[in-house]
Structure formats: structure tokens, C-alpha cells
Amino acid sequence: MTKPHLLIVDGMALLFRSFFASAAMNQFIRLDDGTPSNGVQGFARHVLTAQNIMKPTHLAVCWDMGAHTFRNELFDGYKANRPAPPEEMLPQFDMAKDVSQMIGWKNFGTKGLEADDLIGSMIEKWKDAAQITVISGDRDLLQLLNPTTTIAFTKKGYTEYDVYTEARFVDEYGIAPKQFADVKAFMGDTSDGYPGVKGIGPKTALQLIQNHGSIDGVLAALSTLKPGQRIKISENEDMLRLSHQLATINCAAPIDAELDELRLDAYTPSLFNSVEQKGYRLIAKHARSIK
């Protein structure tokens, strides 16, 4: 019997990507009442296309639920440098969840956690029961790769992906996926706002973990490192450990669903008629064009 194929969608990544792709040209694709819908319509079209290409049997969409998460409790600066979403985007967070539900995709979001944490927890819960593909633009998710999980990073338009398997990751990085959080802890992440160890870039960070296996392994071998590295690391050990906590995806969040609840049903013509009646004409047109 073939395993179910679960497609996990990073809803925030696709919504932001779709919004900015069209907002740059002021194409907000407003509903009849004037509400912008460019991000929502792009998000849904992206997922429909992915479904057509990847042929999943089950589907889940993961969302952030507000900006404040447990990582902000750990570190005030976490994501503090990110600009607030543009005004035209604000109504589209709820609209995207509504459209997702209308089409028959199950939404997941937990206050205090990021979409990444839900994705990681789903992988942990169902890695033995299903083949899993994750769609995102967030390379932090590389730490979640395993023999049954593939990560497809968005590249261009709705159809091009940069696909990572565990084997490809090990081949390129020379470490196990779980060690990627240790690399991130050393190099930091400017977009997430945590510094790691100042003066240690991605290349050195990767070499340190390739050579010593973990943060503890590097600290145990401090005396063997170059003097410059030794000083930087010993002066920033607290931030290094904190950065590791921030970089590590929580894979133990409760997922309140059984795999069977995520099963995809065939779409009926009437479904996309009702999507169209709500004003989402591009989604309906797109769905009809790929059948």
C-alpha cells in the first residue's frame, strides 16, 4: 500500500511572497468592496498549482498567529527589526485563512508559536505515516529534513522549486540536518534579529560544526581553535547558546488533528463558483484552468 503524501504549506511565506510580487506594481486586485486581495489570491493559486504538480493526498496550511512568540520571551530583539506589514496586507491574513477553509484545506495556527514550529511538529508526528513535502521560502526548515520529508523552496512563479532531500543536504553541507541549528547559532540571522557570534560568518560556522559536531563540541575544543575564533566564541558564549534556542524549531507542539482529517477531496465545480461569488475571480479562473 502506498503511503499518503502530505503537503504542508507555509501559509505566511506564500502569502507574503504573493503580496509583494504584485504590490510592487500596485496590483492589489481589490474585491468589489475595495478590500485588497492580491496576496490571498496569489497564495491560493500557488497552492492549487502545487497540488497539481505534487499530487498530495493530504494537505495542511500553517500560519503564524501574531508577531509575539516564545522566542520574544527569550530575546527582546527577536524579529524586532522587521517592518510592520503594509496597510493593504492587514485584512489579508484572515482572508487567506477563510479562503483556505472554503477550498477545503485545514488551517493550523497556535498562539505563541511560529508556523515553523507547527511544520516541525507535524513532521515529527507523521514522518512514519506519510511521505511529506513542505513548501516554504524559509531555509531554517532545512533542519527538519529526514528520509521521508522533502522541502521545496519557492523559486520563480508558481511552478519552480529548489527541492531538498536529506541526501542532498548531507551531500552539500557535510552535516546532518539537525545540526543546521548549531550552524545558525554561530552565524546568527539578521532577518530574525539574533546576532550569533559576531565576526563568524556562514562559512566558518559550517566548518566549526563539520569539524566538532555541535556547539558543545566546539566549546570543548576551544583551545585548538585559531586565537581570533577562540576569543570571539568565548566572549559570546551566552549569546551563542541563546541563538541556538532561537534557531531551533520546536517539534513538540501539540497537533490537534489526525492525518485522515487532512485528506483532500476532489473539487466540485460549485466550490469554485462560490469562491468566485465571494469576489476571488482569479482563484476560480486558475482552478478551472488546471483541471
Side-chain angles (χ1 to χ4, degrees), residues 3-10 12-14 50 54 56 58 60 62 64 69-71 74 78 108 113-155 161-192 194 196-197 200-221 240-253 255 259:
K3 270 186 174 181
H5 178 197
L6 170 61
L7 182 63
I8 304 176
V9 176
D10 182 343
M12 299 310 277
L14 292 196
M54 298 174 185
H58 296 64
C62 295
D64 293 349
T69 70
F70 75 93
R71 291 180 179 85
L74 291 170
Y78 186 70
F108 290 86
L113 295 176
E114 293 181 44
D116 288 7
D117 301 311
L118 297 178
I119 293 168
S121 301
M122 280 182 191
I123 290 170
E124 190 55 39
K125 182 170 181 171
W126 290 314
K127 65 185 177 191
D128 297 328
Q131 279 297 131
I132 299 173
T133 304
V134 180
I135 295 179
S136 180
D138 182 356
R139 296 184 83 80
D140 289 354
L141 297 175
L142 286 167
Q143 64 188 272
L144 302 176
L145 286 164
N146 64 47
T148 57
T149 301
T150 298
I151 300 178
F153 293 111
T154 48
K155 252 178 94 176
Y161 292 94
D162 185 15
V163 179
Y164 269 84
T165 58
E166 183 181 45
R168 177 184 170 190
F169 177 87
V170 172
D171 189 47
E172 283 186 19
Y173 285 83
I175 56 172
K178 278 194 172 10
Q179 294 170 289
F180 191 57
D182 294 67
V183 175
K184 294 274 305 191
F186 277 102
M187 65 187 249
D189 187 320
T190 48
S191 73
D192 282 347
Y194 60 88
V197 176
I200 289 192
K203 201 173 163 187
T204 304
L206 181 58
Q207 282 170 347
L208 287 169
I209 300 305
Q210 284 169 341
N211 294 338
H212 304 287
S214 65
I215 289 169
D216 286 339
V218 174
L219 293 172
L240 172 63
R241 292 201 180 276
L242 178 58
S243 295
H244 187 247
Q245 281 183 278
L246 298 172
T248 301
I249 293 172
N250 170 10
C251 295
I255 300 296
L259 187 57

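Here the structure is a predicted model, which is why all the values come from computation and not from measurement.
- For the pair Asp116 and Cys62, the minimum side-chain heavy-atom distance is 4.5 Å or more.
- The salt bridge (charged side-chain N to carboxylate O under 4.0 Å, His left out) with Arg71 is formed by just one residue from the set Asp140, Asp117, Asp189; it is Asp117.
- With hydrogens and angles disregarded, no donor-acceptor distance shorter than 3.5 Å links the side chain of Glu166 to the backbone of Thr149.
- Side chain of Thr148 to backbone of Lys127: a donor-acceptor contact under 3.5 angstrom is found.
- His212 contributes no side-chain N or O that, together with a main-chain N or O of Ala220, makes up a donor-acceptor pair within less than 3.5 Å.
- The two residues Thr133 and Ala152 come nearest to each other via the heavy atoms CG2-CB, 4.4 Å.
- Not a single donor-acceptor pair under 3.5 Å links the side chain of Thr154 to the backbone N or O of Ile135.
- Between the side chains of Tyr173 and Gln179, not a single donor N or O lies within less than 3.5 Å of an accepting N or O.
- Under the 4.5 Å side-chain criterion, counting only non-hydrogen atoms from C-beta, Ile215 is in contact with Leu240.
- Contact between Leu6 and Trp126 at its shortest, heavy atoms only, is CD2-CE3, 3.6 Å.
- Distance check, rounded to the nearest 0.5 Å: CG of Asp128 to CG of Asn146 gives 8.5 Å.
- Closest approach of Ala247 to Tyr194, counting heavy atoms only: CB-OH, 3.3 Å.
- Residues Leu141 and Val134 are in side-chain contact: their nearest non-hydrogen atoms beyond the backbone lie under 4.5 Å apart.
- Of the possible donor and acceptor atoms, one in the side chain of Gln143 sits under 3.5 Å from a partner among the backbone N and O of Ile249.
- The structure places CG of Asp192 at 10.5 Å from OG of Ser243, a figure rounded to the nearest 0.5 Å.
- Using a 4.5 Å heavy-atom cutoff, the side chains of Leu14 and Asp10 are not in contact.
- Tyr164 and Leu145 get closest at one heavy-atom pair: O-CD2, 3.3 Å.
- With hydrogens and angles disregarded, a donor-acceptor distance shorter than 3.5 Å links the side chain of Lys125 to the backbone of Ile255.
- Residues Thr248 and Ala181 share a closest heavy-atom pair of OG1-CB, 3.6 Å.
- The main-chain N or O of Glu114 is never found under 3.5 Å from a side-chain atom of Asp64 such that the two would form a donor-acceptor pair.
- Side-chain atoms of Lys184 never come within 3.5 Å of backbone atoms of Leu246 as a donor-acceptor pair (strictly under, hydrogens ignored).
- Residues Leu144 and Cys251 have side chains in contact (heavy-atom distance under 4.5 Å, counting atoms from C-beta outward).
- Contact check for Phe186 versus Leu206: no side-chain heavy atoms found under the 4.5 Å cut-off.
- To the nearest 0.5 Å, the span separating OG on Ser191 from CG on Asp138 amounts to 7.5 Å.
- Closest heavy-atom contact between Ala130 and Lys3: C-CD, 4.0 Å.
- Annotation: the span from Ile151 atom CD1 to Ile123 atom CD1 amounts to 5.5 Å, rounded to 0.5 Å.
- Under the 4.5 Å side-chain criterion, counting only non-hydrogen atoms from C-beta, Asp216 is in contact with Arg241.
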Run the side chain to side chain contact (heavy atoms under 4.5 Å, CB included) test on Leu113 and Phe108 for me, step by step, so that the C-alpha distance in whole Å, both residues' side-chain angles and the decisive distance to 0.1 Å come before the verdict.
CA-CA 11 Å; Leu113 295 176; Phe108 290 86; over 6 Å; no
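- Contact of the Asp162 side chain with the Arg168 side chain is registered, since non-hydrogen atoms from C-beta on lie closer than 4.5 Å.
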